[in-house]
Amino acid sequence: MSRKEKKKQVAAIKGTKDILPLEARKWQQVETLIKAYCERYGYREIRTPVFESTELFQKGTGETSDIVMKEMYSFVDKGGRSLTLRPEYTPSIVRAIIEHRLYLQPQPMRYYYIGPMFRYDKPQKGRYRQFHQLDIEVFGEKDAAVDAEIVEMASGLLSQLKVKGTDILVNSVGCRKCRPGYHKELRHQAELARDSLCSDCQRKMSTNPLRIFDCKEESCREISQGFPKITDFLCRECDEHFKNFRSYLDLYGLKHKVEPRLVRGLDYYTKTTFEIVSTELGAQDAILGGGRYDDMIKDFGGPDVCGIGFALGVERLLSLVPQKKEPENIVYLVCLGEEAKKEGMLLAQYLHKENIECLLEYKSRNLSKQMSRANKIGATWVLIIGEDEIKKKRFQLKNMASGEQKEVAREKALNIIRGNI
RNA sequence: GUGAGCGUAGCUCAACAGGUUAGAGCACCGGAUUGUGGAUCCGGAGGUUGGGGGUUCGAAACCCCUCGUUCACCCCA
C-alpha cells in the first residue's frame with residue numbers, strides 16, 4: 001500500500017453514523033421500553049424486508065410526494081428488478097397485510113416495528129440518510145376513538161421516557177370527497193393575492209398550496225391568515241370524525257392545538273393527521289407524526305379496510321431522552337501466573353454459567369496493573385487468584401467500591417456477588 | 001437541490017498580523033509501586049494542520065477547487 005492510499009480512510013457514508021457502545025446501551029434501554037409499551041396496548045411486532053419493489057412506494061407513498069420524487073435510494077438488482085430501500089414503513093405493512101391476508105384476522109389489528117429507514121436528503125440536525133423509526137399501525141377501526149387512542153399512546157410513551165416540553169398538533173385533511181373543493185378554493189384565493197406573495201409561495205401555489213401557510217415571510221403570513229382553512233371545508237362525515245377525535249382527546253385530558261396548516265407530505269392521508277413536536281429539536285421539530293389513511297389498502301387491490309398510524313423518529317427521540325445509568329455487576333478475575341490463569345478460566349466458565357458478567361485478564365501483568373485495569377473497566381468485584389488461592393481453593397474477593405476483601409470459596413463468592421449475603 | 005459557518009493528536013481546544021522543530025488538557029502506554037485499584041509525580045507514544053493546486057524567501061493561517069461536517073432553506077421522523 002502506498003503512502004497516499006494509506007491516508008485515504010474508508011469512512012461512514014454521508015448521513016449515516018455508527019452507534020458506539022455507550023450510545024447503543026441507551027438505544028437498547030429505549031427500545032426495550034418501547035416494545036413492552038406497545039405490547040401493553042395490544043400491538044404485535046411485524047418485520048418486513050428493508051427493500052421492496054420501487055413500485056410499492058411509488059403507489060403507496062405517492063408519485064407526487066418529495067419522498068418518491070427525490071429522496072429514494074433506488075437501484076436495479078442483478079435480475080433487472082427496480083428495488084428501493086424503504087423510505088417509510090406504511091406501504092410495506094400494507095403490502096404484507098394483503099399478501100398474507102392478515103385482514104382476515106379479528107379487527108382491529110395492531111402492529112409495531114422499529115427499524116432503519118433510508119432517504120436521500122441533505123443531512124442536518126435531526127435528519128439523517130439512514131435513520132430509525134418506531135412505526136405503529138392500526139387497521140380496521142373507523143371509530144375516531146382509535147385516532148385518539150394512538151395519540152394518547154404516543155403521548156404516554158413520551159412521558160414515560162421523561163420527554164418534556166412537547167406539543168400535540170392535530171388537523172383533518174378531509175377525504176376524497178371534500179378535499180378537492182378545498183384545494184380549488186385555496187388556489188383561487190392564492191391566485192388573487194399572487195402579487196403580494198413571495199416568489200417561494202408563488203411556486204408553492206401550483207405544487208402544494210397548503211405549504212404557503214408555513215412561509216416565514218411576515219407579509220405572506222398575514223395574507224395566508226385570510227385564506228380558507230381545510231377544517232371549514234370538511235364534509236359532514238369528516239367534520240363529525242374530527243369533532244369526535246378532539247372530544248376524545250379532551251376526555252384523555254390531552255391538550256392539543258388545531259393546526260389547520262399541519263400537512264403531512266405524504267399523499268395518502270385522509271381525515272386525521274397529527275404531530276407531536278418539541279422546541280428543543282431545531283428546525284426538524286417533529287418527534288412523531290402520522291394520520292389516517294382509509295383508502296390505501298383498497299388502492300392496492302385489497303379489501304376496504306381503513307388504517308391509521310404514526311412514525312416516531314428514534315434519533316430525535318433519543319436526543320431528548322436523558323441517559324439512564326443502570327447498575328452493573330461486573331466481576332474481574334485477576335490471575336497471578338500461568339497456573340492461576342488456568343484456574344481463572346475455569347472460574348470464569350463457572351460464573352458465566354451462573355449468569356454473572358465476568359472478565360479474565362490474560363496478560364501476565366503485575367497485581368497492581370491488573371487492579372488498575374479492573375478499576376478502569378468499572379468492575380464491581382475483583383477475584384484474586386494466586387498460588388495460595390489455588391492450593392486452598394479459596395479466593396480473595398474484593399468489593400471495589402468499599403475496598404472490603406475476604407477469602408472465600410467459589411460458591412460463597414457467587415452468593416456474595418449475587419447479593420444474597 | 002440552494003445558502004452560510006467550520007475542518008489542527010483518539011477527544012476538547014491553542015498557535016499575535018504569514019516567520020525556527022505545530023502546543024496543552026483529557027484519554028492511552030510505561031515507570032515511581034515484583035500480592036492490591038482510584039490520587040500524585042516522572043517519562044513515552046501519537047500530526048505530512050481533511051485532500052489537491054496556487055500565491056510567497058517562507059502557509060495551519062491568504063486564494064481557487066474538492067471532500068467532509070454543522071446549521072438553515074426545502075421536506076420530514
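A note on names: the letters A, B, ... follow the listed sequences, proteins ahead of strands, and every chain is numbered from 1. Scope of the values below: all heavy atoms of this structure, side chains included, with no hydrogens, waters or symmetry mates.
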C1' atoms of B:rC6 and B:rU49, separation to the nearest Å: 14 Å
Side chain of A:A283 (C-beta onward), nearest among B:rC73, B:rG35, B:rC75: B:rC73
Closest non-hydrogen atom pair, A:K341 against A:L360: O-CD2, 4.3 Å
Distance test, side-chain N/O of A:S368 to OP1/OP2 of B:rU36, below 4.0 Å: no
Those residues that, when tested against A:Y89, pass ring pair (Phe, Tyr, Trp, His ring centres under 6.0 Å) (two or more places apart): A:Y113
Any residue meeting salt bridge (charged side-chain N to carboxylate O under 4.0 Å, His left out) with A:D299, in chain and number order, not counting sequence neighbours: A:R176
Spacing of the P atoms in B:rA60 and B:rU20 (rounded, Å): 10 Å
B:rU12 and B:rC16, which share atom name C1', separated by this distance in whole Å: 23 Å
Sugar-phosphate only, base, or nothing, as touched by A:D66 at under 4.0 Å among non-hydrogen atoms: sugar-phosphate
Sugar-phosphate, base or nothing in reach of A:L266, heavy atoms under 4.0 Å: sugar-phosphate
Summary of side chain to side chain donor-acceptor pair (under 3.5 Å) pairs that have at least one residue in residues 369-387 of chain A, sequence neighbours excluded: A:N329-A:W381
Distance, C1' atom - from B:rG54 to B:rG31, rounded to whole angstrom: 49 Å
A:Y112 and A:E137: side chain donor to acceptor below 3.5 Å: no
With a cut-off of 3.5 Å and sequence neighbours excluded, list every side-chain donor-acceptor pair involving residues 26-37 of chain A.
| unit_1 | atom_1 | unit_2 | atom_2 | d |
| --- | --- | --- | --- | --- |
| A:K26 | NZ | A:L318 | O | 2.9 |
| A:K26 | NZ | A:V321 | O | 2.7 |
| A:Q28 | OE1 | A:R25 | NH1 | 3.3 |
| A:Q29 | NE2 | A:K324 | O | 3.3 |
| A:T32 | OG1 | A:Q28 | O | 2.7 |
| A:Y37 | OH | A:Y41 | OH | 3.3 |
| A:Y37 | OH | A:M153 | O | 2.8 |
| A:Y37 | OH | A:L157 | N | 3.1 |

Per A:K376 side chain, nearest of listed nucleotides B:rG37, B:rG31, B:rC28: B:rC28
P gap between B:rG18 and B:rG7, integer Å: 15 Å
Between B:rA45 and B:rA22 - P atom distance, rounded Å: 14 Å
Pick out the pairs of N or O atoms, protein on one side and nucleotides 38-43 of chain B on the other, that lie under 3.5 Å.
| unit_1 | atom_1 | unit_2 | atom_2 | d |
| --- | --- | --- | --- | --- |
| B:rG38 | O4' | A:N375 | ND2 | 2.9 |

Table of protein N/O atoms under 3.5 Å from nucleotides 68-70 of chain B N/O atoms:
none

side-chain contact (heavy atoms from CB on, under 4.5 Å) partners for A:N420, two or more places apart: A:N415, A:R418
Of A:E88 and A:Q396, the one whose closest RNA chain B nucleotide lies more 5': A:Q396
With sequence neighbours excluded, residues passing side-chain contact (heavy atoms from CB on, under 4.5 Å) with A:E99: A:R95
Side chain to side chain donor-acceptor pair (under 3.5 Å) pairs, two or more places apart, involving residues 58-68 of chain A: A:T61-A:E88, A:T64-A:D267, A:D66-A:K70
Distance-only donor-acceptor test, A:E389 side-chain atoms vs B:rG35 base atoms, 3.5 Å: yes
Below 4.0 Å: OP1/OP2 of B:rG37 and any side-chain N or O of A:R365: no
Sugar-phosphate, base or nothing in reach of A:I384, heavy atoms under 4.0 Å: base
Minimum-distance pair of heavy atoms, taken over all atoms of A:P260 and A:K229: CG-CD, 3.5 Å
Rounded P spacing from B:rG3 to B:rC64 in Å: 15 Å
Between B:rU48 and B:rU21 - C1' atom distance, rounded Å: 14 Å
N/O donor-acceptor pair, side chain A:R127 with base B:rC74, under 3.5 angstrom: yes
Side-chain donor-acceptor pairs of residues 272-281 of chain A under 3.5 Å, sequence neighbours excluded:
| unit_1 | atom_1 | unit_2 | atom_2 | d |
| --- | --- | --- | --- | --- |
| A:T272 | OG1 | A:D147 | OD2 | 2.6 |
| A:E275 | OE2 | A:R264 | NH2 | 2.6 |
| A:S278 | OG | A:E280 | N | 3.1 |

Under the 3.5 Å Watson-Crick or G-U criterion, the dot-bracket string of RNA chain B, with | for inter-strand pairs: (((((((..((((.....[...)))).(((((.......))))).....(((((..]....))))))))))))....
Which residues share a ring pair (Phe, Tyr, Trp, His ring centres under 6.0 Å) with A:Y268, sequence neighbours left out: A:Y293
Donor-acceptor pair present, A:Q405 side chain and B:rU36 base, under 3.5 Å: yes
